[in-house]
Amino acid sequence: MSCKLGFIFRKKNSNILSKFDPMNFIVTLTLQAIKKIYGEEIPESTVTLQETRKEFDGQVTIVTFPFTRFSKKSPEQTGADIGEYLVANSVDIEAYNVIKGFLNISLTDVFWLDQLDKQILKKDVGVLRRNGRKVMVEYSSPNTNKPLHLGHVRNNLLGYAVAELLNAAGYDVVKTNLVNDRGIHICKSMLAWQKFGNGETPSSSGLKGDKLVGNYYVRFDQEYKKEIASLMEKGRSEEEAKREAPLMMEAQTMLRKWEAGDTDVIKLWEMMNEWVYDGFEKTYKKMGVNFDKIYYESNTYLLGKDIIEEGISKGVFFKKDDNSVWIDLTGEGLDEKLVLRGDGTSVYITQDLGTAQLKYNDYHMDNSIYVVGNEQDYHFKVLFLILKKLGKSWAEGLYHLSYGMVDLPSGKMKSREGTVVDADDLMADMIDTARNRTEELGKVEGFSGPEKEALYEMIGLGALKYFLLKVEPKKRLLFDPNESIDFQGHTGPFIQYTHARIKSVLTKGGYKAEIIKAKPAILENTERDLIKEIVKFDDMVASAAENYSPSLIANYVYELSKLYNKFYHEVSIIKVEDIQLKNFRLNLSAATAQVIARGMKLLGIDVPERM
RNA sequence: GCCUCGGUAGCUCAGUUGGAUAGAGCAACGGUUUUCUAAACCGUGGGUCAGGGGUUCGAAUCCCUUCCGGGGUACCA
């Protein structure tokens with residue numbers, strides 16, 4: 001086990017300023033000890049601290065193997081030497097024991113109680129010092145031809161949580177969404193609606209706008225396939241049929257008209273996009289995500305040509321005979337890459353180059369995070385490399401937060417095969433499940449109607465969000481629609497339940513935030529374990545932000561909840577006679593609740609007062 | 001082919017400046033409630049950390065290699 005102490009994750013040269021490292025004095029003292037005893041000066045990084053494993057005495061362990069090189073003694077003796085020194089030179093360290101190359105040290109209960117006071121019983125847990133830096137997080141970035149699905153849900157939750165984390169870690173954060181609202185795929189739904197829609201609108205059909213438009217995208221594909229089939233019957237090859245199908249040719253005509261600014265096409269496009277935006281807005285709202293700035297590709301797709309010129313004049317790009325523009329990245333182990341078509345029109349990377357510049361001009365941010373699936377790893381590698389070659393100083397701050405696809409047991413989600421897990425449906429299902437479970441358990445006596453609904457939503461979405469966020473971003477995620485997401489064990493509802501449980505104890509115990517002076521003489525193990533965990537929180541926030549990894553927070557909050565439940569089970573809180581002890585335990589409970597709530601908030605998950 | 005990311009218990013996952021006997025949850029089995037919320041707690045069983053080699057006092061973790069899976073390698077986005 002031995003989960004490492006939070007601060008060990010910290011990278012050097014970090015931009016994130018933690019308020020303090022509660023264990024850092026141990027490292028300092030150890031360095032002193034080594035200098036004194038062995039006359040050796042060693043870098044801080046050679047002192048490894050880890051949490052003491054449960055089966056041994058102590059809370060913090062120093063690994064002493066590396067010191068034997070110059071101590072010229074056995075690991076046991078080396079540990080004992082240092083242990084003696086630590087106990088003698090710190091009032092906070094009361095004992096040590098040595099097992100092989102591991103020096104386990106016990107900190108005093110007074111120390112732990114101080115830590116609790118210092119770090120937790122204040123308003124701003126998990127809020128690190130402002131670092132004066134600005135970061136942009138782009139996420140979601142949907143196409144306007146179909147509704148959001150489970151893959152988008154992962155993207156949205158990740159992007160939102162990372163933005164929250166960076167904000168907590170001291171950055172100024174700008175959340176952006178780059179909407180892909182143009183192109184051939186959009187024309188397909190437009191055309192299908194025009195041909196087969198009979199004027200259907202969201203209000204006439206009662207359909208959510210994005211769903212309605214999505215239906216026509218599917219319809220296009222169906223009709224298109226029919227045309228292909230009949231052309232092939234007439235003896236065309238598959239490729240010819242695909243190219244010559246009237247629908248496809250019409251869609252391409254429509255795209256050209258759109259680019260030419262044809263009034264009717266633009267009107268249709270605007271109308272249908274509005275429908276989609278209305279739909280997306282509802283989904284985003286339910287999901288609890290939002291943006292500070294929305295970019296539309298219809299406004300940015302022509303950008304980037306200036307950069308192409310710049311690149312040519314700087315000799316970074318070169319032109320081929322057909323006028324197409326390329327960059328040679330073979331020196332970097334990549335390929336030659338097209339950056340502008342021969343006819344002068346943009347490709348994906350052209351507009352991304354332009355958009356990157358636009359974003360920078362707009363915000364002058366120090367860092368810019370793109371939350372985009374790992375299928376685009378190569379694209380972003382190339383994009384960033386090009387910007388660096390162009391000498392853009394800000395290119396160093398770009399980062400592709402690549403995450404794994406969400407797969408079904410049957411493999412990839414495919415809209416054509418109807419295996420897509422729709423975001424709205426999924427959220428609604430989760431809320432239903434929460435409703436059923438909660439009512440079965442009889443947990444909502446005394447709740448008003450709206451309170452119940454709010455609770456079901458909180459739990460259902462909590463389960464879903466936690467399920468998606470607890471997994472490390474870059475790993476692919478398996479989702480089985482037939483197996484509902486759990487509400488027990490390592491889940492969002494478990495953590496929410498723990499929070500509600502604490503709130504209930506606090507209420508029944510008459511807890512008031514002021515009574516913080518009470519302290520027991522001796523801590524129970526469960527109490528010390530809990531304090532130890534709570535004290536790590538700020539460092540966990542720093543690490544999670546640094547690694548763009550909400551899963552670190554998700555797993556931390558789970559660990560904390562488990563420890564609380566153990567504590568809750570093993571000791572009485574409001575029923576102890578000793579008023580001091582009772583108050584202390586209430587404080588500890590309140591502190592735990594505060595960290596749970598704050599940690600979950602960073603993940604975009606709300607926690608209830610009762611459940 | 002080449003590039004890239006994964007492979008840890010039956011299933012889903014933790015474990016990353018290399019450290020002790022690799023941990024949780026689910027599923028299975030057994031126990032805990034006249035006492036602060038049992039969506040909880042405690043216990044049992046379950047592992048060739050994909051295979052092999054190397055570096056090291058020490059490897060799930062670093063290096064090499066093989067196998068398996070995902071993704072990319074478009075004048076699509």
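Sequence lines set the chain letters: A, B, ... in the order given, protein chains first and strands last, and positions in each chain run from 1.
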Scan the side chains in residues 330-340 of chain A for donor-acceptor partners under 3.5 Å anywhere in the protein, sequence neighbours excluded, and list what turns up.
| unit_1 | atom_1 | unit_2 | atom_2 | d |
| --- | --- | --- | --- | --- |
| Thr330(A) | OG1 | Asp328(A) | OD1 | 2.5 |
| Thr330(A) | OG1 | Asp328(A) | OD2 | 3.4 |
| Glu332(A) | OE2 | Lys389(A) | NZ | 3.2 |
| Asp335(A) | OD2 | Tyr378(A) | OH | 3.1 |
| Glu336(A) | OE1 | Lys320(A) | NZ | 3.3 |

Next on the checklist: Classify the ring geometry of Phe479(A) against Phe467(A): parallel below 30°, tilted from 30° to 60°, perpendicular beyond 60°.
Outcome noted: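 Perpendicular, since the angle between the ring planes exceeds 60°.
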Give each protein N/O atom lying under 3.5 Å from an N/O atom of nucleotides 7-9 of chain B, with the pair distance.
| unit_1 | atom_1 | unit_2 | atom_2 | d |
| --- | --- | --- | --- | --- |
| G7(B) | OP1 | Lys475(A) | NZ | 3.2 |

Between the base of A40(B) and the side chain of Thr498(A), is there a donor-acceptor distance below 3.5 Å?
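No such pair is found, so the answer is no.
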| query | Is there a donor N/O on one and an acceptor N/O on the other, under 3.5 Å, for the side chain of Gln50(A) and the base of A20(B)? | reply |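 Donor-acceptor pair under 3.5 Å: yes.
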So that I know where these two stand, are [X] and [Y] an aromatic pair - ring centroids less than 6.0 Å apart?
X	Y	result
Tyr556(A)	Phe537(A)	yes
Tyr348(A)	His379(A)	yes
Tyr399(A)	Phe380(A)	no

- Between C75(B), A39(B), C36(B), spot the one nearest the side chain of Ile573(A), thanks.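 Of all the options, the side chain of Ile573(A) is nearest to C36(B).
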Point to revise | Nucleotide of U35(B), A20(B), C57(B) approaching Ile99(A) most closely (side-chain heavy atoms) | key: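 So the nucleotide nearest the side chain must be A20(B).
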Select from Lys575(A) and Lys474(A) the residue whose nearest nucleotide in RNA chain B is closer to the 5' end of that strand.
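That would be Lys474(A).
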Checklist line | 5' priority, RNA chain B, between His490(A) and Phe567(A) [closest heavy atom] | finding: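 Nearest nucleotide further toward 5': that of His490(A).
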By side chain to side chain donor-acceptor pair (under 3.5 Å), which residues pair with Gln488(A), not counting sequence neighbours?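 Once residues adjacent in sequence are excluded, Gln488(A) has no partner under the side chain to side chain donor-acceptor pair (under 3.5 Å) criterion.
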Discussion item. Just to verify, what does Asn143(A) make a side chain to side chain donor-acceptor pair (under 3.5 Å) with, not counting sequence neighbours?
Written reply: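 Asn143(A) satisfies side chain to side chain donor-acceptor pair (under 3.5 Å) with Asn180(A) once adjacent residues are dropped.
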Check: Which residues pass the ring-ring contact (aromatic ring centres under 6.0 Å, His included) test with Phe567(A), sequence neighbours left out?
Finding: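 Per chain and number, Phe567(A) pairs via ring-ring contact (aromatic ring centres under 6.0 Å, His included) with Tyr564(A).
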* Which residue pairs pass the salt bridge (charged side-chain N to carboxylate O under 4.0 Å, His left out) test when at least one of the two sits in residues 345-354 of chain A, sequence neighbours left out? ->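 Non-adjacent pairs meeting salt bridge (charged side-chain N to carboxylate O under 4.0 Å, His left out): zero.
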### Task
Could you pull out all residues at least two apart from Glu138(A) that satisfy salt bridge (charged side-chain N to carboxylate O under 4.0 Å, His left out)?
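Applying salt bridge (charged side-chain N to carboxylate O under 4.0 Å, His left out) to Glu138(A) gives Lys359(A).
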- Contacts of type salt bridge (charged side-chain N to carboxylate O under 4.0 Å, His left out), residue Arg243(A), not counting sequence neighbours: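 Salt bridge (charged side-chain N to carboxylate O under 4.0 Å, His left out) check on Arg243(A) returns nothing, list empty.
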Nucleic acid contacts - residues 554-565 of chain A versus RNA chain B, non-hydrogen atoms under 4.0 Å:
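Going residue by residue through residues 554-565 of chain A, the ones with a heavy atom under 4.0 Å of RNA chain B turn out to be Tyr558(A), Lys562(A), Asn565(A).
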Residues within residues 500-508 of chain A bordering RNA chain B, heavy-atom distance below 4.0 Å
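Residues of residues 500-508 of chain A that come under 4.0 Å of RNA chain B are, in numerical order, Ala500(A), Arg501(A), Ser504(A), Val505(A), Lys508(A).
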The contact string for nucleotides 69-74 of chain B, one letter per nucleotide 5' to 3', using protein heavy atoms under 4.0 Å with B, S and - for base, sugar-phosphate only and none, comes out as --SSS-
Exercise for the section: Sort out the partner of G58(B) for me: Watson-Crick or G-U wobble, both distances under 3.5 Å, none otherwise. Expected result: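 No nucleotide pairs with G58(B).
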Applying ring-ring contact (aromatic ring centres under 6.0 Å, His included) as the test, list every pair that has at least one member in residues 487-506 of chain A; sequence neighbours left out.
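For residues 487-506 of chain A, and leaving out neighbouring residues, the ring-ring contact (aromatic ring centres under 6.0 Å, His included) pairs sorted by first residue read Tyr466(A)-His490(A), His490(A)-Tyr558(A), Phe494(A)-Tyr558(A).
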